[in-house]
Amino acid sequence: MAGSDVDLVTLRHSAAHVLAQAVKELYPEVKLGIGPAIEDGFYYDFDRSEGFTPEDLEKIEAGMKKIVAANLPFTRREVTREEAESIFANEPYKLELIRDLAEDAVLTVYEQGGFVDLCRGPHIERTGLVKAFKLLSVAGAYWRGSEKNPMLQRIYGTAFPKQKALDEYLTRLEEARKRDHRKLGKDLDLFSFHEEGPGFPFWHPKGTIVYNQIVEQWRSLHTSRGYQEVRTPMILNEALWHRSGHWDTYRENMYFVDIDEQTYAVKPMNCPGVMLIYKDNLRSYRDLPMKFAELGHVHRHEKSGVLHGLFRVRAFTQDDAHIFCRPDQIQTEITDVIALIGSIYEKYGFKDYRIELSTRPAKSIGSEEVWTAAENALQEALKTAGIAYAVNPGDGAFYGPKIDFHVRDSMGRSWQLGTIQLDFSMPERFDLEYIGEDGKPHRPVMIHRAALGSLERFMGIIIEEYAGAFPLWLAPTQIIILPIADRHADYANEVAARLKAEGLRVSVDSRNEKTGFKIREAQIQKIPYMLIVGDREASEGKASVRKRESGDLGAMPVDEFIASLRNELTV
RNA sequence: GCCGACGUAGCUCAACGGUAGAGCAACGGUUUUGUAAACCGUAGGUUGCGGGUUCGAUUCCCAUCGUCGGCCCCA
């Protein structure tokens, strides 16, 4: 398997070279950036003032087909720095790359059909091997990934060894589009966005039911593990944010309001508010750990270009919690949090997740010693728990290092959900204390953590995960009752009342429509169960059950149906 | 924020310089219906918002807001 992965990478990298060759042949004035293979394909960056139109992409694709048909050999050649500089004399970006290569680096170029590119390789043998490829899109991308650099035109494409694999990939893209949460959110009437508040989601009744179900599950798991739920204010005065360090490190993402000649900030994070709760009482070593959970609605002024449905919004609810503990409790606490997060994911079928440890970022607060201590503590906790993890240098929060949970969904996509952040700085800044066994004040440690990350993003993820077909416990409408004709409405309402009495979410479709039509609509609305009731059912106290996934299950007594739902809900 | 594309009825789309059109949904009627779409009719839009060009703009130009695909960021 590993072998074939490498081949795919090589194939795509070579396809990127073919793309660059085609572009250079069509538009010789274009300057080359870089063109690597990426997870699902490849891209190549070009500097061209006019950009590329979809028609240009078609021409380029045709050019690539010719190059593939010519079956040109790729040849590798080692060159001296001087040779390289002369070959790429008209390619400023390549020259920059050459300049930045280590003194003793071996420079290589690859050539096919007169097109030469600076490249480490490897490549496939001949262009004819690029059998199945397609250019997908064009987008701006900063040279070397920095917004300080010029923006180049990036052409994305993908390539596979066989046409069948390419077709399957394109079908998969199509499938992913069908389950896009933005589309399903509209189709299923879950939420909306409006010009009046870009990036601020509006939860409709059905979406709110799903949201509340998630919260209910979250809440019961937390209270049973000793968390105490709190709520802190949405806006707090400027002084607090200076003290927390947000003013200096996070201000550009914050909203402010001026009232009574004071500046208030809308909270972008919940921690400073919770600090005040901790400080409101004298704490004993016996009180620790204290675990304050908060479904905190935070606002962050994200740049307009990054907004993306529910995945990236400007107001969201973190399933936050702050654990205040003694230094000797860090490991147990972190181990507990890891276990809790795992049990929350399990309910959604997310069993495949990986953990990453992120260390001190460039923009941060706190001393070197404190950071090292915090990073070591997290690492120790992970090692003791025997959990494998990768390290992301420089990716931590400004107040401390963190562990992130990345889950893989049913479509193989990865999402960052949970996070555990260890913080020695904030307790320092807020001068938090607890009285130890020795009767003297000591500094507690704070652990910030979230399991779902943001309820909004999580909703987006599970909408796509389930393609809108929520499991019974989450479904906005769990059961819809479909009376065959007007004369069955009373019986339908009677059955509905019995189900409602059981706490089930049920509705009755008594419209003047044919049963086939009502079933079709209920299927499109992805309602888990349909109960069809007519003369036969009414006379026997039964209901014909139709399940969303498996269709007609036949008639059964209403009690029996209720019992089976009870059973399904407790699994 | 940056690059590019796109905003037409509740939804999905058409018309692309000459008085804005379809399907679905909505509403009214007929039908009383048995496991994924009955039939007939009615209504619905200062074409995102603001300027400009033109005899005339949904169509061309400018600006602005929003959305989409990426980049930089990020829960």
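These numbers come from a predicted model, not from an experiment. Below, read A as the first sequence line, B as the second, and so on, with proteins coming before strands; counting in each chain starts at 1. Reckoned from all heavy atoms, side chains included, excluding hydrogens, waters and symmetry mates.
The nearest whole Å value for the distance from the NZ atom in A:Lys148 to the P atom in B:G1 is 17 Å. Between the P atom of B:A38 and the CD atom of A:Glu521 lies a distance of 10 Å, rounded to the nearest Å. The distance from atom CG of A:Leu188 to atom P of B:G10 is 20 Å, rounded to the nearest whole Å. Computed from coordinates, the A:Lys183 NZ to B:G10 P distance equals 18 Å when rounded to whole Å. Distance A:Glu513 CD to B:C39 P: 11 Å, rounded to the nearest Å. In this structure, A:Arg511 atom CZ and B:U33 atom C1' are separated by 13 Å, rounded to whole Å. Separating the CD atom of A:Glu50 from the P atom of B:C3 is a distance of 15 Å, rounded to the nearest angstrom. Here the P atom of nucleotide B:U33 and the NZ atom of A:Lys518 are 12 Å apart, to the nearest Å.
A distance of 6.0 Å or more separates the ring centres of A:Trp241 and A:Tyr250.
Residue A:Asn212 holds its CG atom at 11.0 Å from CG of A:Leu474, rounded to the nearest 0.5 Å. Rounded to the nearest 0.5 Å, atoms CG (A:Leu452) and CG (A:Asp319) are 4.0 Å apart. Note that the CZ atom of A:Phe160 and the CG atom of A:Leu166 stand 6.0 Å from one another [nearest 0.5 Å]. The CG atom of A:Leu26 sits 8.5 Å away from atom CG of A:Asp56, with the distance rounded to the nearest 0.5 Å.
Remark: the separation of the C1' atoms in B:C40 and B:U35 is 27 Å, to the nearest Å. Separation of the P atoms belonging to B:U58 and B:A9 is 14 Å when rounded to the nearest angstrom. For the P atoms, the distance from B:U30 to B:G66 is 49 Å, rounded to whole Å. Across B:C6 and B:U42, the matching P atoms stand 37 Å from one another, rounded to whole Å. With C1' as the reference atom, B:A15 and B:G45 are 14 Å apart, rounded to whole Å. B:G44 and B:A26 have their C1' atoms separated by 9 Å, given to the nearest Å. For the C1' atom pair drawn from B:U67 and B:U46, the interatomic distance equals 23 Å after rounding to whole Å. If you take atom P in B:G52 and the same atom in B:C68, they sit 31 Å apart, rounded to whole Å.
Looking at A:Lys267 and A:Thr232, their side chains do bring a donor and an acceptor atom within 3.5 Å of each other. Counting only N and O atoms by type, the side chains of A:His448 and A:Asp320 include no donor and acceptor under 3.5 Å apart. For the residue pair A:Ser544 / A:Arg536, no side-chain donor-acceptor distance below 3.5 Å is found, with atom types taken as modelled. Side-chain contact annotation: A:Gln421 with A:Tyr399, donor-acceptor N/O pair under 3.5 Å present.
Between A:Arg520 and A:His301, the residue anchored closer to the 5' end of RNA chain B is A:His301, taking for each the nucleotide with the nearest heavy atom. The residue among A:Phe52 and A:Ile532 whose nearest nucleotide of RNA chain B is located toward the 5' end is A:Phe52.
Counting only heavy atoms from C-beta on, A:Ile519 has its side chain closest to B:A36 among B:G34, B:A38, B:A36.
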Practice prompt. Sugar-phosphate atoms are those with a prime plus P, OP1 and OP2; base atoms are the rest. Using that split, label each nucleotide of nucleotides 64-75 of chain B B, S or - for protein heavy atoms under 4.0 Å, 5' to 3'.
Written response: -SSSSBBBBBBB
Worksheet item: Can you give the dot-bracket line for RNA chain B, where a pair is Watson-Crick or G-U wobble with both atom distances under 3.5 Å, crossing pairs use [ ], and | marks a partner on another strand?
Response: (((((((..((((....[..)))).(((((.......))))).....(.(((..]....))).))))))))....
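Between A:Tyr211 and A:Trp203, the angle of the ring planes lies from 30° to 60°, which puts this pair in the tilted group. Using cut-offs of 30° and 60° for the angle between ring planes, the A:Phe398 and A:His246 rings count as perpendicular.
Looking at heavy-atom distances under 4.0 Å, A:Gly51 makes no contact with the nucleic acid at all. Residue A:Gln525 is out of contact with every strand shown, counting any heavy-atom pair closer than 4.0 Å.
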